[in-house]
Chemist: 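Pasting a structure below so you can have a look.
So you know, we letter chains A, B, ... as the sequences are listed, proteins then strands, and number each from 1.
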Amino acid sequence: MESRKEEVLGFDSVRKSGHGALRGQSVATSRRTGQGQPLTRPRALSTVCPRAGRNGAPPRRSGALFVLIEHLLGKRLPDDPKDAQTPGHRLMLRGGYIRQIGQGIYSLLPLAWRACAAVEAIVREEMNAVGGQELLMPVTSPAELWQESGRWDAIGDELVRFTDRTDHSYVLNMTHEEVVVDVARGNIDSYRQLPCMLYQIQTKFRDEPRSRAGLIRVREFTMKDAYSFHRTPEDLDAYYKKVHHAYERIFRRVGLRDVIDIESDTGMMGGSVAHEFMLVTPIGEDTLVVCPESGYRANREVAAAARVYASDEEPQPLRDVETPGQKTIDEVTAFLGSDARHACKCVAFMNGTQPVLAFVRGDFEVNQAKLRKAASAPDLRAMQEEEFAAAGSVPGYAGPVGLDPEKVVLVFDESVVKSPNLIVGANRRDWHRTGFNFGRDMQGGIVADITDVVEGDPCPLSGKPLELKRGIEIGNIFQLGDKYTKAMGFQYNEEDGTLREPVMGCYGIGIGRTMASVVEESHDENGPIWPVSIAPYKVQICCLQAKNEEIADAARKAYEELRAAGMDPLLDARSVGAGFMFADADLVGAPIRLIFSKRNVAAGVAEMRYRIAAPPEGLPAELPLEGLADKVRELLAQLMRPYTFDGVE
RNA sequence: CGGGGUGUGGCGCAGUUGGCUAGCGCACCUGCUUUGGGAGCAGGGGGUCCCCGGUUCGAGUCCGGGCACCCCGACCA
């Protein structure tokens with residue numbers, strides 16, 4: 001295999017006259033295809049000797065190894081691709097970071113992959129630091145495992161299922177609770193082995209109904225997922241806090257600035273306590289509720305508000321009123337000369353075949369995550385018009401009075417329970433009722449908070465106005481409890497000889513999404529501004545006037561010295577205009593740029609440019625070529641400081 | 001799954017009521033000249049016009065059906 005590879009990569013086939021093996025047409029022919037395409041892989045890019053450079057640029061030195069920008073796979077474009085929506089997506093397409101292959105499915109080209117690899121390295125360090133053991137679980141798993149946990153039925157189309165040639169059912173794992181519990185139950189028998197944390201960095205597939213914004217929301221993605229097992233909920237809780245802290249370190253180290261942790265919904269993962277780590281950004285898909293006063297912060301799916309519904313209105317009698325053709329809250333209240341605060345909105349759902357009607361005051365919106373939890377209705381979907389009859393109601397005129405609680409689940413928001421004299425639907429066409437008072441006109445049903453928090457609602461902690469923000473979820477942590485260990489029969493021997501199920505936590509980070517979030521947060525119109533910690537290339541050498549032997553030699557010498565000193569610079573010695581070269585360099589986004597030119601080389605210096613969000617004071621504008629590598633290394637160490645903790649905890 | 005939009009070389013686009021060999025800019029290749037923020041001249045290569053069917057002497061263009069991708073919504077462990 002090894003010898004074959006060398007032969008195919010054909011280092012010796014670099015032709016004197018011109019192109020490197022990667023571009024050349026005469027490289028070894030692929031035996032399989034016979035089409036004469038050079039068989040290459042990205043790895044080869046960093047080891048292949050480059051071409052001599054066009055137009056008589058200096059020939060390569062024998063034995064020298066370069067990473068030349070013309071060998072860097074990924075075409076950099078002057079125009080914005082039309083499908084790009086967010087700034088980060090646009091720059092990653094323009095810079096040749098990613099290539100879309102289908103809806104929500106991308107190849108990561110070398111630049112993106114290098115940044116992701118840097119993110120992964122940081123994640124590994126921090127997971128190892130909290131005692132994690134890395135392993136690798138498969139992309140697929142048999143249906144039986146998911147039937148054991150109950151999620152084979154509980155999860156919808158998002159879980160991709162398929163059968164093999166012998167008609168056995170499998171899934172593409174969208175998460176790995178089932179698989180990791182299987183691994184753990186086969187390997188952990190004793191309390192002595194607990195606590196235990198296992199993690200992997202692996203591909204997930206979720207058949208999202210809609211992907212968007214490049215790597216921000218995709219169907220196939222790389223995720224770091226970690227799972228911990230504990231003897232007691234207290235131990236889980238303590239460990240959960242440790243991972244929480246590790247996550248803060250990770251997001252700081254990858255250079256994300258505006259990340260907050262918020263309380264979140266546990267959704268179909270189950271469990272009790274959960275937090276999400278959100279990059280706060282207007283392009284985010286989640287709505288966050290925060291209180292600057294108390295520090296309260298939560299996903300809108302679970303956020304609470306301390307609303308007050310005081311009213312001194314006298315209860316009015318319940319009365320039928322004709323409202324021909326008036327269906328919406330706006331229409332009905334306008335027709336009756338009232339307002340949305342005096343109306344009761346009914347939103348109709350189905351949970352499988354079970355009708356679920358949610359009642360909120362007219363000026364609020366139903367929060368489906370809250371409703372799902374309150375009504376124990378995991379499969380909530382909007383009710384179709386033709387399903388209203390079975391629920392005993394009429395679209396546009398649905399109201400709480402007169403429905404059969406045996407057939408219909410009724411959920412009332414506090415805003416309805418505590419507000420007097422509401423306008424409600426009469427459950428017959430063209431009729432409403434006024435003067436509805438919960439308690440007098442309606443008993444029973446489920447009473448719960450099922451509304452969205454709105455801007456300015458009082459904070460549950462401080463009572464001050466809440467603010468709404470948007471965010472991208474880049475990580476989450478859950479306390480799962482014993483849901484999976486119990487369902488899948490994972491037991492261990494306690495000290496006293498009894499059999500017990502461990503309690504479990506799980507902890508995810510989207511690797512590609514984190515990398516893409518960095519670009520969303522840190523860029524200008526010319527390209528990403530990479531944090532030094534995850535920049536695909538930390539140093540780029542730009543050699544202007546590369547046809548001049550002396551200048552090119554100086555640039556190449558610097559390149560070799562930097563490499564020898566353990567750095568991995570990118571060398572651009574193309575015979576192109578300075579503007580062209582700098583524009584490309586901006587798209588690559590190396591934080592440190594060394595510029596070699598006639599006047600710099602004559603002065604015995606490399607000119608320094610920095611692509612850094614907040615450059616520290618006193619960065620050198622040039623460095624002497626003498627001892628350049630050491631100086632650059634020191635500079636890099638200095639620039640890395642904001643992304644490390646320097647032993648300070 | 002609903003609503004809207006787009007499919008023409010690697011990217012961005014033009015292509016009239018159906019009519020000549022399908023065009024433009026960028027990118028790419030060759031040569032020369034240039035070289036500090038996307039250079040100039042000359043020459044050159046690259047296209048199943050998303051797919052299938054139909055109408056027609058003739059279809060990128062008209063008709064029917066499909067597919068893909070994007071946006072908004074529904075959905076989202």
Chemist: With nearest nucleotides of RNA chain B determined for A/R212 and A/L77 from heavy-atom distances, which residue corresponds to the more 5′ nucleotide?
Modeler: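 The residue mapped nearer the 5' terminus is A/L77.
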
Chemist: Nearest whole Å is fine: how far is B/rU6 P from A/Q103 CD?
Modeler: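 It works out to 19 Å between those atoms.
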
Chemist: Just to be sure I understand the rule, does A/Q85 reach a base, reach only the sugar-phosphate, or reach nothing, if contact means heavy atoms closer than 4.0 Å?
Modeler: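 A/Q85: backbone/sugar contact only, no base atoms under 4.0 Å.
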
Chemist: Between B/rG53 and B/rG7, how far apart are the two P atoms, rounded to whole Å?
Modeler: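 Rounded to whole Å, the distance is 23 Å.
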
Chemist: Between the side chains of A/E520 and A/T86, is a donor N or O closer than 3.5 angstrom to an acceptor N or O?
Modeler: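 Checked: A/E520/A/T86 side chains pair up, N/O donor to acceptor below 3.5 Å.
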
Chemist: Taking NE2 from A/H89 and P from B/rC70, how many angstroms apart are they, rounded to a whole number?
Modeler: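 Rounded to the whole Å, the gap is 8 Å.
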
Chemist: List the residues meeting salt bridge (Lys or Arg N to Asp or Glu O under 4.0 Å) with A/K469, not counting sequence neighbours, and say none if there are none.
Modeler: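 Once residues adjacent in sequence are excluded, A/K469 has no partner under the salt bridge (Lys or Arg N to Asp or Glu O under 4.0 Å) criterion.
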
Chemist: Picking from B/rG36, B/rC71, B/rG38, which would you name as closest to the side chain of A/S597?
Modeler: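 Given the options B/rG36, B/rC71, B/rG38, the side chain of A/S597 is closest to B/rG36.
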
Chemist: Calculate the interatomic distance between A/E525 atom CD and B/rG37 atom C1'; express it in whole Å.
Modeler: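 The distance from CD of A/E525 to C1' of B/rG37 comes to 12 Å, rounded to the nearest Å.
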
Chemist: May I ask you to say what A/S211 touches in the nucleic acid, namely base, sugar-phosphate or nothing, with a heavy-atom cut-off under 4.0 Å?
Modeler: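 If one applies the 4.0 Å heavy-atom cut-off, A/S211 turns out to touch the sugar-phosphate alone, with no base involved.
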
Chemist: In whole angstrom, give the distance that lies between atom CG of A/N367 and atom C1' of B/rC76.
Modeler: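 Spelled out: CG on A/N367 to C1' on B/rC76 is 14 Å.
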
Chemist: Roughly, in whole Å, what's the span from CZ in A/F596 to P in B/rU35?
Modeler: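 My rounded result for the distance is 21 Å.
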
Chemist: Under 4.0 Å, counting only non-hydrogen atoms across every strand here, what does A/A578 touch: a base, just sugar-phosphate, or nothing?
Modeler: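 Contact class for A/A578: sugar-phosphate only.
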
Chemist: Applying a 3.5 angstrom cut-off to the pairing atoms, does RNA chain B sit in any stems of at least three consecutive Watson-Crick or G-U pairs? List them by first number.
Modeler: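 Listed by first number, the stems are B:1-7 with B:67-73, B:10-13 with B:23-26, B:28-33 with B:39-44, B:50-54 with B:62-66.
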
Chemist: Using whole Å, report how far CG of A/L93 lies from P of B/rC11.
Modeler: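 Roughly 11 Å, once rounded to whole Å.
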
Chemist: Rounded to the nearest angstrom, tell me the gap between atom CG in A/D157 and atom C1' in B/rC76.
Modeler: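 Rounding to the nearest Å, CG of A/D157 and C1' of B/rC76 are 12 Å apart.
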
Chemist: Testing A/Y484, A/Y227, A/F229 one by one against A/F490 for a ring pair (Phe, Tyr, Trp, His ring centres under 6.0 Å), which residue passes?
Modeler: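 Only match with A/F490 under ring pair (Phe, Tyr, Trp, His ring centres under 6.0 Å): A/F229.
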
Chemist: Checking the side chain of A/R513 only, and the main-chain atoms of A/I216 only, is there a donor and an acceptor separated by less than 3.5 Å?
Modeler: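 Such a contact is found between A/R513 side chain and A/I216 backbone.
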
Chemist: Scan side-chain atoms only and decide if A/T281 and A/R470 contain a donor-acceptor pair under the 3.5 Å cut-off.
Modeler: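 Side-chain D/A pair, A/T281 to A/R470: absent.
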
Chemist: For the P atoms, the ones on B/rG60 and on B/rG45, what distance do you get once it is rounded to whole angstrom?
Modeler: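 Straight-line distance between the two P atoms is 23 Å.
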
Chemist: Whether the A/D482 and A/T485 side chains hold a donor-acceptor pair (N or O, under 3.5 Å, no angle test) is what I'd like checked.
Modeler: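 A/D482 vs A/T485: no donor-acceptor pair found between side chains.
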
Chemist: Hey, does the side chain of A/R372 come within less than 4.0 Å of B/rC76's phosphate (OP1/OP2), counting only N and O?
Modeler: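 It does, given that an N or O in the side chain of A/R372 lies less than 4.0 Å from OP1 or OP2 of B/rC76.
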
Chemist: Give one of base, sugar-phosphate or nothing for A/N476, where a contact means two heavy atoms less than 4.0 Å apart.
Modeler: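 Answer is nothing: A/N476 stays at 4.0 Å or more from every strand.
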
Chemist: Test: salt bridge (Lys or Arg N to Asp or Glu O under 4.0 Å). Region: residues 575-584 of chain A. Which pairs qualify, not counting sequence neighbours?
Modeler: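 Non-adjacent pairs meeting salt bridge (Lys or Arg N to Asp or Glu O under 4.0 Å): A/R76-A/D584, A/R574-A/D584.
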
Chemist: Are side-chain N/O atoms of A/Q200 and A/D225 paired as donor and acceptor at under 3.5 Å?
Modeler: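 Their side chains do contain a donor-acceptor pair, which is all the 3.5 Å distance test asks for.
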
Chemist: Does A/G579 or A/E158 map to a spot on RNA chain B nearer the 5' end, using the closest nucleotide for each?
Modeler: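 On the 5' side of the pair lies A/G579.
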
Chemist: Please state whether the base of B/rG10 and the side chain of A/R99 form at least one donor-acceptor pair under 3.5 Å?
Modeler: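 Such a pair does not exist between side chain and base.
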
Chemist: A/R94 CZ to B/rG38 C1': how many Å, rounded?
Modeler: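 It works out to 10 Å between those atoms.
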
